[in-house]
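Heads up, the thing below is written out as structure tokens.
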Number of protein chains: 2
Amino acid sequence: MANIRDIAKMANVSVTTVSRVLNNHPYVSEEKREAVLQVIKEQNYQQNIHAVHLSRGKSNLVGVVVPFAKHPYFGLLLEGIANEAIEHDYHLVLIQTNYDEKKEQEALEMLKYKQIDALIICSRISAWKVVEEYASFGDIIVCENASDRKKVQSVYVDHYEGFYQALQYLYEKGHQRIGYCIGRQSGSNSYFRAKAYQDFLHEKQLPFDESFVFYENYYLEDGQKVVNQLSYLDLPPTSLLVTSDVVAAGILTACQDKGIHVPENLAIVGFDNQPIAKMMKITTFEIPIVEMGRKLFSQVKKESPIKHKELDITLVERETV
Amino acid sequence: MANIRDIAKMANVSVTTVSRVLNNHPYVSEEKREAVLQVIKEQNYQQNIHAVHLSRGKSNLVGVVVPFAKHPYFGLLLEGIANEAIEHDYHLVLIQTNYDEKKEQEALEMLKYKQIDALIICSRISAWKVVEEYASFGDIIVCENASDRKKVQSVYVDHYEGFYQALQYLYEKGHQRIGYCIGRQSGSNSYFRAKAYQDFLHEKQLPFDESFVFYENYYLEDGQKVVNQLSYLDLPPTSLLVTSDVVAAGILTACQDKGIHVPENLAIVGFDNQPIAKMMKITTFEIPIVEMGRKLFSQVKKESPIKHKELDITLVERETV
DNA sequence: GTTGGTTGAGAAACGCGTTCCAGTGCAAGT
DNA sequence: ACTTGCACTGGAACGCGTTTCTCAACCAAC
């Protein structure tokens, strides 16, 4: 296959001119431009993309770190990121970590040796210190409140505030025994929610019962597990905050099977406002996930000094409270 | 940052030797190997990945074409592909097409100019003729029955057979008016299912009613739409084959809202056996999606002559028939 | 002592596009 | 008439690792 030098020769111009035609640089006369274009067409010439990357020192590739591609939350996020990437002529390198820190590390390494120009971390595992070491190699954008971090950018929802609001909402509906279900126990979003929970209990002078907190809930199936655990409690919570609508849906279904009436026996508040929440009429706090995905990508290579962007959560009242 | 030549100088060896150390080639004495390793460590040296790609003419990147990342079917497929890719030290470039043929074309172009070494097309749009033109540039693997195609590889389930079996199953349960819901109207999987449907009607001497076929059903929300349309029919089907469990779940929920009893008034058979099918006790034909994803990736760069691989579908009887 | 295989190592070629810099030619401005 | 300065062109340097050739050294077998 012909390379740029061959094309230059055949078109009787310099390599530089061919490059300029290729990249739509100005300062090429119309005749030469057409001559070059003609030869390119004849030869069915293609730039060697690796040479372009080597030369430019960048690749128009952005890494996206997700724990699982199959989880609807990350599916939605990916959708938003992908759609925005298309519009900016970037491609996405998908890095699925399964919450394995090594995989995240690898992604950071890819940033270091410039296989990717930027990295979007949808759910972080490594410590801030580690992540920030890599910030000098390219933009790092996280999907969590990192407004106090100088080196990375972020797009997020205020989970502290959201959780607090949700607790307040249930409290006003008369609930005093409020539990919650969450995904992983560590992680910054979980931290903020736990904090909001503790602060709320403290403010309302409510006791903390550790059996009211359920960890490792990600999927529909996990709802069943929660309802099971609930049945072992002497004094179960009267309401549950569930940090993913799919889990909330699982809980709701399990309740229906067990004859637990929702919301009479158990009130449920979901998060995300995913399609399933609408379908099953789950009261939920809407998180604009797809939009968040788009915004996450928009942070890539942006000049603007706004490094941190917060999106709003809104309550969607339906029938589970 | 130091390059391979700098390292060579510092270690008092040739560039070749450094390269050999880097790539674990034989013919490097232990002393030199260690000297090189030492310098590499000291200098915190990193290969320039673009130079490696340029030199090798490949990138260890595999493209994955999906219409939407947010659809659970593709989420599951992606999960399988991603997990297999990790094990083979490949990375994935996600190309979301939104069923826009241009995007798919772009993906094929990426294969042509070798930005990616292989391409997995999870749902094809372009004509075979177009796709096959690109087969010479790298492996192309599709997720549909392409057993009669020489140039591409495939991993698939027999949708003709699956659909036929499902129809047979409903027929044996006493249903004569069987409708079906499907995603896009074109597409090879849809073609095989439509064919199975026609063949079945013909065999059983049943009339074809075009109002029994519902197109463009992808998500939970679409189930509502189907049930609405159903209510306008004078003589609606007594049973429905639904090519995605999420849509089946949507239909089931909409039926519950409308007081349509399932399975008495309407029997529903889903496909995929996704978590939601289990949760909502939907009778469904299981498609091993995650495994299919893994197998799709396994076809990449495989020596074996097995270019086409069929996976089995199995009936999971639950409560919607 | 000669032939031959094996191991170790380096020079040079190869893959290829971008960009800096120098320079020419022509037109507008003073 | 003379200076600016813009439009256009191309040579050469740069980014960097892999791989092929070639050759030397060394040991073993004949």
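Listed pair B:Gln46 / D:dC16 fails the phosphate criterion, with no side-chain N or O lying under 4.0 Å from OP1 or OP2. OP1 or OP2 of D:dG10 has at least one side-chain nitrogen or oxygen of A:Lys32 nearer than 4.0 Å. Regarding contacts with the backbone of C:dG17, every side-chain N or O of B:Tyr113 stays at 4.0 angstrom or more from both OP1 and OP2.
Set against C:dC16, D:dT19, D:dC16, the side chain of B:Leu54 has C:dC16 as its closest nucleotide. Residue A:Asn23 places its side chain closer to C:dT18 than to any other of C:dC20, C:dT18, C:dA12. Closest contact between the side chain of A:Ser14 and the listed nucleotides C:dG10, D:dG11, D:dC16 involves D:dG11. For A:Thr16, the listed nucleotide lying nearest its side chain is D:dA12; candidates were D:dC16, C:dT18, D:dA12. The nucleotide whose nearest atom lies closest to any side-chain atom of A:Asn48 is, among C:dG10, C:dG15, D:dT18, C:dG15. The B:Ser29 side chain lies nearest to C:dG8 when the options are C:dG8, C:dT19, D:dG17.
Comparing B:Asn3 and A:Thr17, the nucleotide of DNA chain D nearest to each residue sits closer to the 5' end for A:Thr17. When each of A:Ser55 and A:Val28 is assigned the nucleotide of DNA chain D with its nearest heavy atom, A:Val28 is the one assigned upstream, toward the 5' end.
The base of C:dG17 lies outside donor-acceptor range of the side chain of A:Arg56, with no N or O pair under 3.5 Å. Residue side chain A:Arg20 does not reach the base of C:dG17 through any donor-acceptor N/O pair under 3.5 Å, judged by distance alone.
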Salt bridge (charged side-chain N to carboxylate O under 4.0 Å, His left out), that's the test. Do A:Glu291 and A:Arg294 meet it? Break it down for me. CA-CA 5 Å; A:Glu291 193 197 337; A:Arg294 297 196 85 106; over 6 Å; no
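Taking atom CD1 on A:Ile4 and atom P on C:dC14, their separation rounds to 18 Å, with Å as the unit. Going from atom CD1 of A:Ile40 over to atom P of C:dG17 covers 10 Å, rounded to whole Å. Atom P of nucleotide D:dG5 and atom OH of A:Tyr27 are separated by 14 Å, given to the nearest angstrom. Across the protein-nucleic acid pair, A:Asn12 atom CG and D:dT9 atom P stand 13 Å apart, rounded to whole Å. In this entry the distance linking NZ of A:Lys58 with P of C:dT19 reads 11 Å, nearest Å. The NE2 atom of A:His53 sits 14 Å away from the P atom of C:dT19 (whole-angstrom rounding). A straight line from CD1 of A:Ile7 to C1' of D:dT9 spans 18 Å, rounded to a whole angstrom. Put simply, CD on B:Glu31 is 17 Å from P on C:dT7, counting in whole angstrom units.
In this structure, a donor-acceptor pair under 3.5 Å is absent between the side chains of A:His53 and A:Ser59.
If you check every strand for non-hydrogen atoms under 4.0 Å, B:Val13 touches sugar and phosphate atoms only.
More than 12 heavy atoms of other residues, nucleotides or ligands shown are found within 6.0 angstrom of OH on A:Tyr99. At most 12 non-hydrogen atoms from other residues, nucleotides or ligands lie less than 6.0 angstrom from CD of B:Glu31.
For the pair A:Lys295 and A:Tyr156, the cation-pi criterion (under 6.0 Å, within 45° of the ring axis) is not fulfilled.
A ring-centre distance under 6.0 Å is not found for B:Tyr73 and B:Tyr218.
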